[in-house]
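Only one structure is covered here, and it is reproduced in the block below.
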Amino acid sequence: MATPYTPTVTGTGVRATIQRFGGHLAGMIMPNIGAFIAWGLITALFIPTGWLPNKTLAELVGPIISTLLPVLIGYTGGRMVHAQRGAVVGAVATMGVVVGADVPMFLGAMIVGPLAALILKYVDRFTAERTRAGFEMLVDNFTAGIVGAVMAIAGVLAIGPVVEKITEVAGSGVEWLVNHSLLPIASVIIEPAKVLFLNNAINHGVLGPLGVAESVKHGKSILFMLESNPGPGLGLLIAYLLFGPRSLRPSTPAAMIIHFFGGIHEIYFPYVLMKPRLILAVIAGGASGVLTFLVTGAGLVATPSPGSIFAYMAVTPKGGWFGVIAGIVIATAVSFAVAAALLGFGRANGDQADGTAQAATPSDTGDTGNTATTSSDENRDTTGETAADNVPATKEA
């Protein structure tokens, strides 16, 4: 389905396939961005290291991240495939992966929600021609219930554990790079894994324990900064603010505040999922930041939780300010430069085409024949696509 977050993609090559895949992922995440912001605000304010620590209100953080957000993603993914019936079945199936794993199941929800809706869609096609008049509601309710229950069970027994295993494998890859002193290269695994919402597993499951052991020996550790550096995400969001699609630019200032000052990195992941090529920007930013930390001998005394600039400053050892700040600034600059280039400095998002399209609009009394030809030529942007190709579709493709 094409939505304002998933523009129509033409072609059959690898690039088009990746764009479609990223568009579907963004279509599941972006409609729920308000829920992510709500969770980010609650987390930044009320957890023990937050602005207004409150033990009672902090109890909201766990259920929202582990249950509510995955269910919303599964619900939206199911709705994209098979309307409201698919949404309900997708939400039910998502509960299976939530129960079947001990890590937040964003990736599992993106898989099982649309899959359950697709199965129900085929079941509905099969039963539609074989259901007697008057039994439609009965059959529809039971088929949805059966598919939802089966997929929830599959989520508990199969899909959830598999996704959790993928999480463990990603963490093991990072640990291998750490053990072989290839820290900048670790960004090649860390940044894509973060975008798939595996950041907590990598940070708290692998890097945190290793960093604690190193900090005990040396008084600080660079491992605390491999995943938590807010620079790459900030640079990406600044690029989106200046050069991203016009429909998304107004959402980036709030995202930057939540990300950089609140430390909630999940807020920028959907922006990468919408344009998967931008993963190169955060990889470059992350690697340059790690290299800067290495060169300057920077390190933190504990895990910055959440990964905000304030948390970074709070756990920076005495005399270590320069290296920490330099790594964040350089990571931001590199990520911004690469993301801006990948976004075509605004030209690849239809901004130029929108202006020429208005200038080339034929008048009511003019010669429509010649105007149509001129409009077609002038509306082509630097990628060779017409302005119409850049307008997000609102109907199912």
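Values below: all heavy atoms of this structure, side chains included; hydrogens, waters and symmetry mates excluded. The shown structure was predicted, so the numbers you read here are calculated from the model rather than taken from an experiment.
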If we ignore hydrogens and angles and just use 3.5 Å, is the side chain of [X] paired with the main-chain N or O of [Y] as donor and acceptor?
{"X": "Asn229", "Y": "Met225", "answer": "no"}
{"X": "Ser187", "Y": "Ile190", "answer": "no"}
{"X": "Arg277", "Y": "Leu342", "answer": "yes"}
{"X": "Glu136", "Y": "Gly134", "answer": "yes"}
{"X": "Thr94", "Y": "Val71", "answer": "no"}

Within-4.5 Å side-chain heavy-atom neighbours: [X] and [Y]:
{"X": "Trp321", "Y": "Met313", "value": "yes"}
{"X": "Ile222", "Y": "Leu294", "value": "yes"}
{"X": "Asn32", "Y": "Leu69", "value": "no"}
{"X": "Thr252", "Y": "Leu248", "value": "no"}
{"X": "Thr67", "Y": "Ile64", "value": "no"}
{"X": "Ile42", "Y": "Val61", "value": "yes"}

| request: For side-chain contact (heavy atoms from CB on, under 4.5 Å), just list the numbers for Ser335 and Leu234, CA-CA rounded to whole Å, side-chain angles, deciding distance to a tenth of an Å, and then say yes or no. | output: CA-CA 8 Å; Ser335 179; Leu234 179 63; over 6 Å; no
Single-linkage hydrophobic cluster, 4.5 Å side-chain cutoff, [X] and [Y] together:
{"X": "Met95", "Y": "Val150", "answer": "no"}
{"X": "Leu343", "Y": "Val272", "answer": "yes"}
{"X": "Ile65", "Y": "Ile258", "answer": "yes"}
{"X": "Phe293", "Y": "Ile185", "answer": "yes"}
{"X": "Phe345", "Y": "Met274", "answer": "yes"}

Could you pull out the closest heavy-atom pair between [X] and [Y], with the gap in Å?
{"X": "Phe322", "Y": "Thr296", "answer": "CE2-CG2, 4.1 Å"}
{"X": "Pro232", "Y": "Gly286", "answer": "CG-N, 3.5 Å"}
{"X": "Pro245", "Y": "Lys275", "answer": "CG-CE, 3.9 Å"}
{"X": "Ala93", "Y": "Met151", "answer": "CB-CB, 3.6 Å"}
{"X": "Arg249", "Y": "Leu241", "answer": "CD-O, 3.4 Å"}
{"X": "Gly285", "Y": "Ala331", "answer": "O-CB, 3.2 Å"}

First locate atom [atom1] of [X], then atom [atom2] of [Y], and finally report the distance between them rounded to the nearest 0.5 Å.
{"X": "Phe135", "Y": "Thr131", "atom1": "CZ", "atom2": "OG1", "result": "10.0 Å"}
{"X": "Met80", "Y": "Met28", "atom1": "CE", "atom2": "CE", "result": "6.0 Å"}
{"X": "Met105", "Y": "Met110", "atom1": "CE", "atom2": "CE", "result": "11.0 Å"}
{"X": "Ile325", "Y": "Thr292", "atom1": "CD1", "atom2": "OG1", "result": "13.0 Å"}
{"X": "Lys194", "Y": "His265", "atom1": "NZ", "atom2": "NE2", "result": "5.5 Å"}
{"X": "Leu291", "Y": "Leu183", "atom1": "CG", "atom2": "CG", "result": "10.0 Å"}

| message | Quick one, Leu300 with Thr316, criterion side-chain contact (heavy atoms from CB on, under 4.5 Å). Give me CA distance, side-chain angles, the key distance, then yes/no. | response | CA-CA 5 Å; Leu300 302 178; Thr316 298; 3.7 Å; yes
| query | Looking just at side-chain N and O atoms, do Tyr240 and Ser251 make a donor-acceptor pair shorter than 3.5 Å? | reply |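 Their side chains do not contain a donor-acceptor pair, so the 3.5 Å distance test is not met.
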| message | Whether Arg130 engages the ring of Phe126 as a cation-pi pair (distance to the six-membered ring centre under 6.0 angstrom, angle to the ring normal within 45°) should be assessed. | response |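 Checked: cation-pi criterion met.
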| said: Walk me through whether Leu118 and His82 qualify under side-chain contact (heavy atoms from CB on, under 4.5 Å). | reply: CA-CA 7 Å; Leu118 182 63; His82 194 40; over 6 Å; no
| task | Please assess Leu236 against Leu278 for the test side-chain contact (heavy atoms from CB on, under 4.5 Å), listing each intermediate value before the final yes or no. | result | CA-CA 8 Å; Leu236 175 81; Leu278 294 179; 3.9 Å; yes
| request: May I have the step-by-step check of side-chain hydrogen bond (donor to acceptor under 3.5 Å, both in side chains) for Ser228 and Tyr312, ending in yes or no? | output: CA-CA 9 Å; Ser228 60; Tyr312 258 70; 2.9 Å; yes
| Taking Phe260 as the fixed residue, which of Leu237, Ile328, Ile267, Ile238 is the one that meets the side-chain contact (heavy atoms from CB on, under 4.5 Å) rule? |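 For Phe260, the side-chain contact (heavy atoms from CB on, under 4.5 Å) check succeeds only for Ile328.
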